[in-house]
Novice: 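Sharing a structure with you now.
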Amino acid sequence: MTKRFFFPAGVALLLAACSTVQSPQDRLTVNDQKIDAIIAQMTLEEKVEMLHSKTNMSSAGVERLGIADMHYADGPFGIREEGQPNGFMSAGWTLDSATYFPTGSALAATWSKEMAYLYGTGMGTEARLRGKDVILGPAVNIQRLPVGGRTYEYLSEDPILSAALALEYTKGVQDKGTAVCIKHFAVNNQETNRGSVDAQLDERTLREIYLKPFERAVIEGGAMSVMPAYNKVNGDYCSENEHLLNEILRGEWGFKGFTVSDWGGTHSTMGAMLHGLNVQMTGSNYLGQPVIDSIATGALTEALVDEKVRQILRVRFAIEAVPEDVANTKMTSQPECQDIAKKVAERSIVLLKNEGMLPIAKEVKKIAVIGQNAVLKTQSGGMGAGVKALYEVTPLEGIRKRAGADVEVTYAPGYKNFPGRRWGPAPAEPNPLEAAAIDEPADPALLTEAVALAKDADLVIFFGGTNKSIETEGSDRQNIDLPTGQNEVVAALHEANPKLVTVLISGGPTDLRQLEPVSPAIVQGWWNGTEGGTALAEVLFGDIAPSGKLPFTFPARLEDSPAYAMGNFPDPNGAGGDLFSLMFRPDVLKMSPEERQKFIDSLPKPVSKYTERFYVGYRWFDTKDVKPMYAFGHGLSYVEFEYDDLKAVVGKDAVKISFKLENEGSMPADEVVQLYVHRIDSKVEWPAKELKAFQHVSLAAGETKVVNLEIPLKDLRYWNETTNAWDLEHGKLQLLLGSASDDIRETAEVTI
Ligand code: GLC
């Protein structure tokens with residue numbers, strides 16, 4: 001049995017506590033002396049072995065010195081099932097069924113730092129049971145495009161909301177003794193040509209919008225590892241981007257951990273070694289033998305290798321290696337984590353519209369549930385983030401369980417489901433409930449069946465939305481239309497029975513212009529995890545009041561959103577040939593590294609220009625005065641909240657506000673209060689308003705609370721591109737306090 005040389009995390013933390021180091025990042029350096037002593041014993045080959053993959057989800061330790069391998073686990077919202085050593089194919093285990101947490105956009109819709117922290121503890125707990133050291137998450141890129149394939153995986157269109165939740169998720173995971181690998185650093189906002197697209201943007205936009213979630217998680221949360229994105233930023237691949245990895249991440253933010261490339265996202269030996277990459281995932285054609293050869297020629301130094309190994313070992317020493325005879329000996333999904341998933345799901349559900357339909361009245365004794373999204377499971381799919389869940393309560397199951405024996409719940413599929421890109425041979429018999437095309441019109445037989453059920457019910461609940469083949473890593477949607485004739489179906493249902501509620505099961509926004517007029521109530525139900533159906537039923541039946549708020553804008557039309565309105569997306573030059581998809585083509589894989597590099601260099605160079613700058617999401621809609629279908633931060637409750645008595649003072653380091661919030665209803669309810677800032681007579685260009693603080697507040701029926709919020713002055717700075725530094729513009733601010741970005745209840749003016 002190899003003597004394991006690991007540093008019990010508790011001892012490391014104890015050391016940290018009594019050491020003088022301050023920042024979460026500096027805590028990673030408490031073992032540097034021990035680490036240097038180990039490096040001194042290592043051969044060059046042993047060091048270089050640590051700089052690339054050992055298996056598809058591990059990188060090497062040093063067996064001879066008892067340094068354990070580093071084990072990674074996918075999934076920002078569930079510890080992914082065990083794969084084969086050489087790829088993603090399932091290993092066919094049984095104890096690796098995990099808790100499926102609500103996906104990123106659902107977590108963001110809670111606007112709850114407490115939920116994000118709990119969520120992280122759940123992920124960290126289950127990672128340890130699987131013997132994993134690093135979770136490849138959270139995924140925190142800004143949702144720039146409503147069609148973005150990974151909108152469901154990411155958090156919000158707003159950097160302040162995204163950063164606050166990324167920070168808490170990071171703290172939760174790492175407090176459970178697992179490291180995060182926050183991703184994808186940075187400006188990864190589209191799947192189209194994701195492996196080669198060059199995101200071109202100005203420094204102020206980069207700093208104020210796209211880096212903000214990473215900045216807080218690294219500096220304040222002590223994120224121990226970072227995954228550079230596939231794309232380029234201003235000309236350089238993220239995995240070898242001096243500005244991002246060395247100047248900002250390490251130089252300015254003081255990052256002391258290590259970077260691990262996205263899978264297939266390493267592009268050279270010298271670039272990666274000189275500009276900030278520690279570990280190539282997967283393969284060793286860049287950070288394997290070529291590193292040793294480059295040292296032999298003098299192109300690289302062993303001291304540089306030592307620095308990279310030191311950064312990896314800092315995390316290795318901070319994270320206790322789970323002994324092989326302990327890992328995977330219990331079922332991964334744990335009851336306390338299932339409960340966390342349920343709590344998050346309950347707070348994520350957004351009531352977009354309600355004309356007297358919800359909560360479901362006691363008199364309702366027959367409910368017709370229409371739509372395959374009521375029964376389709378959402379745990380898997382969407383590529384890297386899929387979860388093999390121990391169980392998943394679907395909406396229909398949740399409704400039936402909650403309705404009980406004295407309410408009849410009927411079901412019809414209503415429309416065909418579009419299964420997306422087929423990964424294998426077509427089945428012998430086509431599935432009658434699957435559509436051949438995403439924009440296929442409604443199926444007459446399914447429509448007739450659904451309308452008949454609707455006519456005969458006290459209430460119709462229509463389940464629309466998308467699925468994880470339509471919204472997925474690897475491709476963006478072509479539009480945000482509801483698929484497979486759903487608009488036609490919901491109109492026919494409403495015609496048959498106007499007592500209709502629509503529930504949207506999707507990760508990103510959808511075009512509701514046709515659906516909204518024929519839906520007296522609309523709920524955004526998300527891909528809401530293992531207990532999603534349970535939580536949805538609790539809201540629909542009024543056991544709890546909905547408190548979710550949109551983490552991104554629902555545009556009325558896709559063309560209204562900034563990147564489309566500015567002609568920045570799709571790529572007007574239509575440059576195809578995405579490196580990522582091509583590099584795994586069989587003939588390309590057979591090429592020698594030199595041939596392959598020549599082939600890659602010959603490909604078109606797609607570009608994504610961010611000329612909308614920091615006007616992303618509501619910053620655009622509000623500044624350009626374009627009305628969305630539903631605004632950022634929108635979400636109704638079953639009660640009304642009264643905001644009163646706003647007071648604001650400017651302190652030394654922060655603007656502090658207090659106000660009274662009353663639950664005027666007859667049931668307990670949560671409200672997410674939001675504080676925006678508008679600049680008055682500013683000399684610097686700003687969006688019309690920007691979110692600067694928020695809080696999830698719980699109130700008993702009739703209860704009034706004094707709520708305190710504060711905006712650190714540092715959060716009011718802008719990136720001054722003249723001085724190339726953060727700068728605070730002094731002057732008047734208008735504080736906008738409300739229940740949504742378009743529902744401001746109280747204002748105040750202060751001068752900073
Ligand atoms: C994927 C994803 C990344 C994931 C990794 C490993 O391509 O971009 O998020 O963690 O590869 O599956």
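All ligand and atom numbering here is 1-based and tracks the order in the structure.
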Novice: Report the residue from Asn189, Asn568, Thr205 that forms a side chain to side chain donor-acceptor pair (under 3.5 Å) with Tyr610.
Specialist: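 Between Tyr610 and the candidates, side chain to side chain donor-acceptor pair (under 3.5 Å) is satisfied uniquely by Asn189.
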Novice: Under 4.0 Å from a heavy atom of Arg80: give me the atoms of ligand 1 that qualify, with their elements.
Specialist: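 Atoms satisfying the 4.0 Å criterion: 12 (O).
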Novice: Ligand 1 versus Glu191, non-hydrogen atoms closer than 4.0 Å: side chain, backbone, both, neither?
Specialist: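 None of Glu191 does.
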Novice: To the closest 0.5 Å, what do you measure between OG1 (Thr378) and CH2 (Trp526)?
Specialist: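 One gets 13.0 Å once the value is rounded to the nearest 0.5 Å.
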Novice: Which residue and non-hydrogen atom of the protein lie closest to atom 10 (O) of ligand 1, and at what distance in Å?
Specialist: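 Here the closest protein heavy atom is Asp74 OD1, 2.7 Å.
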Novice: Is it the side chain, the backbone, both or neither of Lys183 that has a heavy atom closer than 4.0 Å to ligand 1?
Specialist: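 For Lys183, the contact with ligand 1 is made by the side chain alone.
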Novice: Which of the atoms in ligand 1, numbered in the order shown and given with their element, are less than 4.0 Å from a heavy-atom of Leu136?
Specialist: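 Per the distance check, 10 (O).
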Novice: Is it true that Arg194 lies under 4.0 Å from ligand 1, counting heavy atoms only?
Specialist: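 Right, Arg194 reaches ligand 1.
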Novice: State the atoms of ligand 1, each with its element, that fall below the 4.0 Å cut-off from a heavy-atom position in Arg150.
Specialist: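 The atoms of ligand 1 under 4.0 Å from a heavy atom of Arg150 are 2 (C), 3 (C), 8 (O), 9 (O).
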Novice: Note the single closest protein heavy atom to atom 1 (C) of ligand 1, along with its residue, its atom name and the distance in Å.
Specialist: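 Answer, as residue, atom name and distance: Glu473 OE2, 3.2 Å.
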Novice: Can you tell me if Tyr230 has a non-hydrogen atom under 4.0 Å from ligand 1?
Specialist: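 Within the 4.0 Å threshold, so yes.
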Novice: Rounded to the nearest 0.5 Å, how far does CD of Glu247 lie from CD of Glu242?
Specialist: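 It is 5.0 Å, given to the nearest 0.5 Å.
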Novice: Take the angle between the ring planes of Tyr169 and Tyr119 and call it parallel below 30°, perpendicular above 60°, tilted in between.
Specialist: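 The rings of Tyr169 and Tyr119 sit tilted, inter-plane angle from 30° to 60°.
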Novice: So, does Thr530 use its side chain to make a donor-acceptor pair with the main chain of Tyr391 at under 3.5 Å?
Specialist: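 Side chain of Thr530 to backbone of Tyr391, a donor-acceptor pair under 3.5 Å: yes, one is there.
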Novice: Output yes when a side-chain donor or acceptor of Gln379 lies under 3.5 Å from a complementary backbone atom of Tyr100, and no otherwise.
Specialist: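 Flag not set: sc Gln379 to bb Tyr100 has no pair under 3.5 Å.
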Novice: Can you tell me how far apart NE2 (His71) and OG1 (Thr178) are? Round to the nearest 0.5 Å.
Specialist: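 Answer for the NE2-OG1 pair, His71 versus Thr178, is 13.0 Å.
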Novice: Hey, which atoms in ligand 1 end up nearer than 4.0 Å to a heavy atom of His184?
Specialist: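 Listed by number with element, the hits are 3 (C), 8 (O), 9 (O).
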Novice: Among all protein heavy atoms, pick the one closest to atom 11 (O) of ligand 1 and tell me residue, atom and distance.
Specialist: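 Of the protein heavy atoms, Asp262 OD1, 3.0 Å lies nearest.
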Novice: Hey, which atoms in ligand 1 end up nearer than 4.0 Å to a heavy atom of Met227?
Specialist: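 It comes down to these atoms of ligand 1: 10 (O).
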Novice: Can you tell me how far the CD atom of Glu63 sits from the CD atom of Glu46, to the nearest 0.5 Å?
Specialist: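 Taking CD in Glu63 and CD in Glu46, the distance rounds to 10.5 Å.
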